[in-house]
Amino acid sequence: MPAAPRLATLGRAAGSTFSGLLVALAFPPFDLVWLMPFGLAGLMVSVRGVTGRAGLLAGLGFGMGFMLPLMRWITIIGPDAWVALAFLEALFYALLGLTWAWLRPARWWPVTFALTWVGAEALRGTVPFGGLPWGTLAFGLVDTPFDRWGRVGGTSLVSFLLVLGVAVLVDVVERRDHTRRGLISATAVLAVAVGSLALPTGIAGAAGFTQVAAVQGNVPGEGMDPFAERRAVLDNHVEATFDFARRVRAGEAPKPDIVIWPENATDIDPYSDRSAYDEIDSAVKAIGVPTLVGAVVDGPGPTHVRNMGIVWSPTTGAGEQYVKRHPVPFGEYIPFHGFLTKFISRLSQIPRDFSPGQFDSVLQLGTVRVGDVICFEVAYDGLVRDAIEQGGQLLVVQTNNATYTGTGQLEQQFAISRYRAIETGRYVVVAATDGISGIIAPDGTVVTQTPQKTRAVLDERVTLGNGITLGLRVGLWVELALCALALAVVVLNRWEARRSIARIEA
């Protein structure tokens with residue numbers, strides 16, 4: 001290859017990497033959301049008039065520029081794990097860059113770009129090991145009205161409309177289109193953006209009120225070993241609940257109807273450790289209302305544990321359970337455990353795999369039907385959809401982010417919870433071990449939240465919802481339709497390319 005084309009390819013790759021960085025900076029904790037369209041536009045420009053191989057390289061650069069800063073919280077596990085995960089996720093954008101290079105010459109490339117972006121996000125959120133949807137565009141747009149499109153069409157519609165709008169504007173600018181057609185195209189993009197202000201927000205089907213309290217007990221450790229003192233973590237949540245109960249009796253705080261403890265509030269199995277059971281039971285009796293307790297419980301068998309939310313009654317004790325359905329690969333379980341631990345010693349820090357649950361994610365907590373998701377599960381459309389469609393009147397996110405304090409992960413997950421409030425038309429209660437705990441209104445605004453690394457109890461009167469938003473009803477079908485169209489346009493493009501080659505050879 002001549003030096004000039006090689007330098008041009010490398011220059012495009014550098015430009016696309018910078019574009020990925022711009023998109024990453026749109027997400028928490030940076031929150032420079034206005035950079036997102038410029039980052040997307042940069043990738044679109046970088047694949048203009050290039051070969052598939054150059055598009056692949058541009059997409060890979062974009063993916064690394066996006067994923068490395070976005071997921072820097074993985075450095076807590078190790079820099080090698082951080083780079084490896086970022087590279088794995090960047091491969092999906094490499095595939096996207098390849099297809100965009102193929103599709104760019106077509107007249108309707110803005111539409112095909114938007115379709116294939118949705119396809120790439122869907123694929124990345126599915127494989128491998130259940131996927132990782134971290135970095136889905138909607139999760140970076142919670143401080144804009146644009147996320148309201150998720151309420152009417154689901155998460156994929158947000159990505160589709162944003163990428164389409166950016167692509168249309170790039171097309172108009174590139175062609176210097178001052179015609180009526182260019183004006184109409186630019187006006188349509190503006191109408192979609194401004195039109196989001198008119199989309200509905202607020203509770204979906206108001207069904208009364210409840211007074212909810214979320215307990216953040218705090219943890220003593222940091223980094224990879226925040227739960228070294230497991231008893232201290234449990235004690236902190238018990239003591240925080242006792243303190244809050246005293247405030248209620250003194251008339252300093254309203255009596256709650258329900259209480260939420262976070263994920264891993266007890267890493268000591270209350271079913272096998274009587275002292276842990278009694279300690280939790282005494283705290284729940286003190287506050288006197290049903291409490292959702294996050295616990296790690298032994299079984300099934302000696303090699304597995306379960307991450308669950310337990311409905312704890314002040315009169316009958318432990319009852320209904322929700323077991324986390326999507327354990328985190330390499331965090332809560334090790335794929336190919338026996339094989340990989342021979343070569344990667346750090347994996348021995350997870351001696352027992354977390355077993356996935358098969359249970360309904362909706363729990364009866366007193367008079368309230370609570371849709372429960374645990375930690376990273378809030379990022380998965382299907383799990384949140386189930387929690388609401390199965391009857392959840394309030395969405396609860398039990399989480400333990402203690403390992404990632406100070407890395408940006410807490411802010412990113414909290415932003416996802418805010419998006420879920422908009423999408424579902426529900427109040428969202430986030431209960432974290434050491435932050436960020438918060439109560440989020442159905443329009444995505446934060447009613448109240450805690451500082452990190454503190455003991456606190458949040459209590460608010462919230463509206464319950466019984467309605468199902470249009471985004472939840474049709475979101476999966478919108479995503480499937482867009483993905484099917486994306487696959488169709490790529491297949492058609494490759495078929496036409498082969499026909500062209502055959503004609504030339506003939």
Side-chain angles (χ1 to χ4, degrees), residues 19 22-28 30-45 108-118 121 135-204 381 415-426 440-446 467 469-475 477-479 481-482 485:
S19 298
L22 295 183
V23 176
L25 293 175
F27 286 76
F30 314 106
D31 294 315
L32 301 175
V33 67
W34 58 273
L35 291 176
M36 187 181 291
F38 292 99
L40 295 173
L43 179 59
M44 295 171 188
V45 171
W108 295 100
W109 69 264
V111 176
T112 61
F113 273 29
L115 290 171
T116 47
W117 181 280
V118 170
E121 282 193 339
T136 297
L137 295 183
F139 302 159
L141 295 168
V142 291
D143 286 315
T144 75
F146 208 83
D147 259 354
R148 297 180 186 181
W149 288 107
R151 183 179 171 120
V152 299
T155 308
S156 60
L157 182 63
V158 177
S159 294
F160 176 79
L161 290 177
L162 179 63
V163 176
L164 177 61
V166 173
V168 167
L169 292 179
V170 169
D171 186 49
V172 169
V173 171
E174 283 184 345
R175 291 188 295 107
R176 296 178 175 83
D177 191 348
H178 303 296
T179 65
R180 181 180 178 185
R181 181 175 181 175
L183 179 61
I184 291 174
S185 298
T187 302
V189 172
L190 181 63
V192 169
V194 174
S196 62
L197 290 167
L199 295 176
T201 59
I203 199 73
D381 288 351
I416 298 173
S417 299
R418 291 178 59 198
Y419 168 72
R420 294 306 182 193
I422 298 168
E423 177 196 34
T424 62
R426 293 293 190 275
I440 304 165
D443 62 357
T445 59
V446 179
T469 64
L470 184 61
L472 290 182
R473 291 187 186 279
V474 305
W477 299 108
V478 169
E479 181 179 58
L482 294 174
L485 287 171

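In this text the structure is predicted, and so the values were computed from the model without any measurement. Both backbone and side-chain heavy atoms feed into the values below; hydrogens, waters and symmetry mates do not.
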Report the residues that fulfil side-chain hydrogen bond (donor to acceptor under 3.5 Å, both in side chains) with Thr112, sequence neighbours left out, ordered by chain and then residue number. none
Does Phe30 CZ have over 12 foreign heavy atoms under 6.0 Å away? yes
Rounded to the nearest 0.5 Å, what's the gap from CG on Leu137 to CG on Leu162? Could you check? 6.0 Å
The side-chain hydrogen bond (donor to acceptor under 3.5 Å, both in side chains) partners of Arg426 (sequence neighbours excluded) come to none
Give the intermediate values and the outcome of side-chain contact (heavy atoms from CB on, under 4.5 Å) for residues Glu174 and Val45. CA-CA 9 Å; Glu174 283 184 345; Val45 171; 4.1 Å; yes
Nearest atoms (heavy-atom pairs only) where Trp149 meets Ser196: NE1-CB, 3.5 Å
Do Val111 and Leu164 have side chains that approach each other closer than 4.5 Å (heavy atoms only, starting at C-beta)? yes
Testing the basics here: between Leu197 and Pro145, what is the closest heavy-atom pair and its distance to 0.1 Å? CD2-CG, 3.4 Å
When rounded to the nearest 0.5 angstrom, what distance separates OG1 in Thr155 from CZ in Arg420? 4.5 Å
Residue pair Pro37 / Val166: nearest heavy atoms and the distance that separates them: O-CG1, 3.6 Å
Ala415 to Val142 - nearest heavy-atom pair and separation: O-CG1, 3.3 Å
Measure the spacing between OG1 of Thr116 and CH2 of Trp109 and express it to the nearest 0.5 Å. 10.5 Å
Test item: Ser156 and Thr136 side chains (from C-beta on) under 4.5 Å apart, heavy atoms: no
How long is the straight-line distance from CZ of Phe146 back to CG of Leu141, given to the nearest 0.5 Å? 7.5 Å
Among all residues two or more places apart in sequence or in another chain, which pass the side-chain hydrogen bond (donor to acceptor under 3.5 Å, both in side chains) test with Glu121? Trp117, Ser159
Tell me, do Val474 and Leu157 make a side-chain contact under 4.5 Å, heavy atoms counted? no
What are the two closest heavy atoms between Phe139 and Phe27, and how far apart are they? C-CE2, 3.8 Å
Enumerate the salt bridge (charged side-chain N to carboxylate O under 4.0 Å, His left out) contacts for residues 144-170, please, sequence neighbours excluded, ordered by first and then second residue. none
What distance do Ile422 atom CD1 and Asp443 atom CG have between them, rounded to the nearest 0.5 Å? 7.0 Å
Under the side-chain contact (heavy atoms from CB on, under 4.5 Å) rule, what do Val163 and Met44 come out as? Steps first, then yes or no, please. CA-CA 10 Å; Val163 176; Met44 295 171 188; 3.7 Å; yes
Minimum heavy-atom separation for Phe38 and Trp34, please, with both atom names. CD1-O, 3.3 Å
Which residues pass the side-chain hydrogen bond (donor to acceptor under 3.5 Å, both in side chains) test with Arg418, sequence neighbours left out? Asp143
May I have all residue pairs that pass side chain to side chain donor-acceptor pair (under 3.5 Å) and include part of residues 178-189, sequence neighbours excluded? Asp177-Thr179
